Number of protein chains: 2
Amino acid sequence: MDPERLDPLDQAILRVLADDARATFAQVGEAVSLSAPAVKRRVDRLRERGVIRGFTVRLDPAALGWHTEAFVEIFCQGSTSPATMRAAVERYAEVVSASTVTGDVDLVVQVRARDMRHLEEVVERLAAEPFVARTRSTIVLSALVRRPEALPAPDA
Amino acid sequence: MDPERLDPLDQAILRVLADDARATFAQVGEAVSLSAPAVKRRVDRLRERGVIRGFTVRLDPAALGWHTEAFVEIFCQGSTSPATMRAAVERYAEVVSASTVTGDVDLVVQVRARDMRHLEEVVERLAAEPFVARTRSTIVLSALVRRPEALPAPDA
DNA sequence: GATGAAATTTTTATGCC
DNA sequence: GGCATAAAAATTTCATC
């Protein structure tokens, strides 16, 4: 799973790019004491290795019309394969994340909606999926921390 | 909250950048039928407006040493302010997201850890926070969908 | 095996229409 | 918003440690 460990320079580069993925190679290089070409070569290699999956934009959900968020816990009927759950849930533009979990709940789906009315509609659609026995929703009141980007793990 | 609605061109640009934030303005322009300078002006404006908060890198958690994930539900003693919760939870490098929620639980914290041993240690640290009465953890078995980037909301 | 300096190509950033 | 241009950055080449 860790074919080659990331050296401290790679980690530093990733931290800079996590903060600003459009920083120039020269800027990253300045932060980590490396020349622009050296940074580019390391970034290219991190992409080849799959450590870097891509680059994306961080957007303000509210500015895009998403004013409501919730965790929808789903209890499945009988045994449903993760592949089935995934295929179903993937089709929802409103689904942020979906995870199978331990415990009495089978699936936790994080949903974004325009408003309560929209959220209700999404939950109803989810509840109507053939493998869904029952749902339980928890509304997000306040998003205190949102840090989706994985950073190099702190040392043990 | 929506000072000016995003027109379809802005939405298209954001979708391209969500997929590849390092695409050149010319590439984005080709996808949305606009010249490179026109794209740049719109992107600059979207940043000024705060719709675009920044650019970041998508990394493979496993390649970085994160092999375990969990939802830790936290019950608070008495009444704790969101600011207090936030300040506490923010200091954890392992915290991906934290949200105050409706229902019997007060706070849902999404945690990433190197392994079960590390997760246990993080949960113990959280449980020892002064405002925490009790925690309940749910381990993520399989991450079916991970789509952190907010995209333009589908029309009503 | 990885780096830095220099040369070349491409992109970005601006002024103008 | 497009076009043209100057400035900056990315990318390639090449020599070095």
Side-chain angles (χ1 to χ4, degrees), chain A residues 1-60 63-65 149-155, chain B residues 2-65 149-153 155:
Chain A
M1 207 59 98
D2 301 325
E4 309 161 45
R5 241 185 102 62
L6 295 178
D7 69 24
L9 231 35
D10 286 331
Q11 295 186 24
I13 289 170
L14 294 181
R15 262 183 272 267
V16 175
L17 289 178
D19 183 59
D20 177 12
R22 291 192 69 122
T24 67
F25 291 129
Q27 288 171 324
V28 178
E30 174 144 26
V32 306
S33 303
L34 226 52
S35 69
V39 172
K40 182 200 177 336
R41 281 186 289 255
R42 278 172 177 266
V43 170
D44 286 346
R45 202 158 55 78
L46 288 165
R47 295 194 73 157
E48 281 164 22
R49 284 211 267 160
V51 177
I52 293 178
R53 291 186 164 161
F55 298 92
T56 192
V57 63
R58 279 184 289 126
L59 299 169
D60 175 13
L64 295 168
E149 58 278 0
L151 283 178
D155 292 328
Chain B
D2 301 327
E4 307 160 48
R5 243 185 100 60
L6 295 177
D7 70 25
L9 232 34
D10 287 331
Q11 295 186 24
I13 288 169
L14 293 180
R15 261 183 273 268
V16 175
L17 289 179
D19 182 58
D20 177 12
R22 292 192 66 123
T24 67
F25 293 128
Q27 288 172 324
V28 178
E30 172 143 27
V32 306
S33 303
L34 226 52
S35 68
V39 173
K40 181 196 180 327
R41 281 187 286 253
R42 277 172 177 265
V43 170
D44 287 345
R45 178 136 179 63
L46 288 166
R47 296 193 71 156
E48 281 165 22
R49 283 212 268 161
V51 177
I52 293 178
R53 292 186 163 161
F55 299 92
T56 192
V57 62
R58 280 185 288 125
L59 299 170
D60 175 13
L64 296 169
E149 57 280 0
L151 282 178
D155 293 327

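Proteins come first, then strands; the chains are lettered A, B, ... in the order of their sequence lines, and each starts at number 1. All of these numbers come straight from a predicted model, not from anything done at the bench.
Each salt bridge (Lys or Arg N to Asp or Glu O under 4.0 Å) pair with one or both residues in residues 8-21 of chain B, not counting sequence neighbours, appears once here: Asp10(B)-Arg42(B), Asp10(B)-Arg49(B).
Taking a 4.0 Å limit (strictly below) on heavy-atom distances, residues 51-59 of chain B does not reach DNA chain C anywhere.
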What does the list of N/O pairs under 3.5 Å between the protein and nucleotides 14-17 of chain D look like, with a distance for each?
none

N/O-N/O pairs, protein side and nucleotides 8-10 of chain D side, under 3.5 Å:
| residue | atom | partner | partner atom | Å |
| --- | --- | --- | --- | --- |
| dA10(D) | OP2 | Phe25(A) | N | 3.0 |

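With DNA chain D read from its 5' end, the first of the two nearest nucleotides for Ser33(B) and Pro37(A) is the one closest to Ser33(B).
Here Arg47(A) pairs with nothing under the side chain to side chain donor-acceptor pair (under 3.5 Å) rule; sequence neighbours left out. Remark: Arg58(B) pairs with no residue by the side chain to side chain donor-acceptor pair (under 3.5 Å) rule, at least two apart or across chains. With sequence neighbours left out, Asp60(A) forms a side chain to side chain donor-acceptor pair (under 3.5 Å) with Arg53(B). Take Asp44(A) and apply the salt bridge (charged side-chain N to carboxylate O under 4.0 Å, His left out) test, not counting sequence neighbours, and it matches Lys40(A). Legend: residues meeting side chain to side chain donor-acceptor pair (under 3.5 Å) with Arg22(B), ordered by chain and number and at least two apart, are absent.
Taking a heavy-atom distance under 4.0 Å as the criterion, the stretch of DNA chain C touched by chain B extends 5' to 3' from dT11(C) to dG15(C).
Here the CG atom belonging to Leu46(A) is positioned 4.5 Å from the CD1 atom belonging to Ile52(A), to the nearest 0.5 angstrom.
Taking all atoms of both residues into account, the shortest heavy-atom contact from Ala18(A) to Thr56(B) is O-OG1, 2.7 Å.
Within the helix from dG1(C)-dC17(D) to dC17(C)-dG1(D), the inter-axis angle between the opening and closing five-pair segments is 30°, rounded to 10°.
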List the atom pairs, with distances to 0.1 Å, where a side-chain N or O of residues 25-33 of chain A and a protein N or O form a donor-acceptor pair under 3.5 Å, not counting sequence neighbours.
| residue | atom | partner | partner atom | Å |
| --- | --- | --- | --- | --- |
| Gln27(A) | OE1 | Thr24(A) | N | 2.8 |
| Gln27(A) | OE1 | Thr24(A) | OG1 | 3.4 |

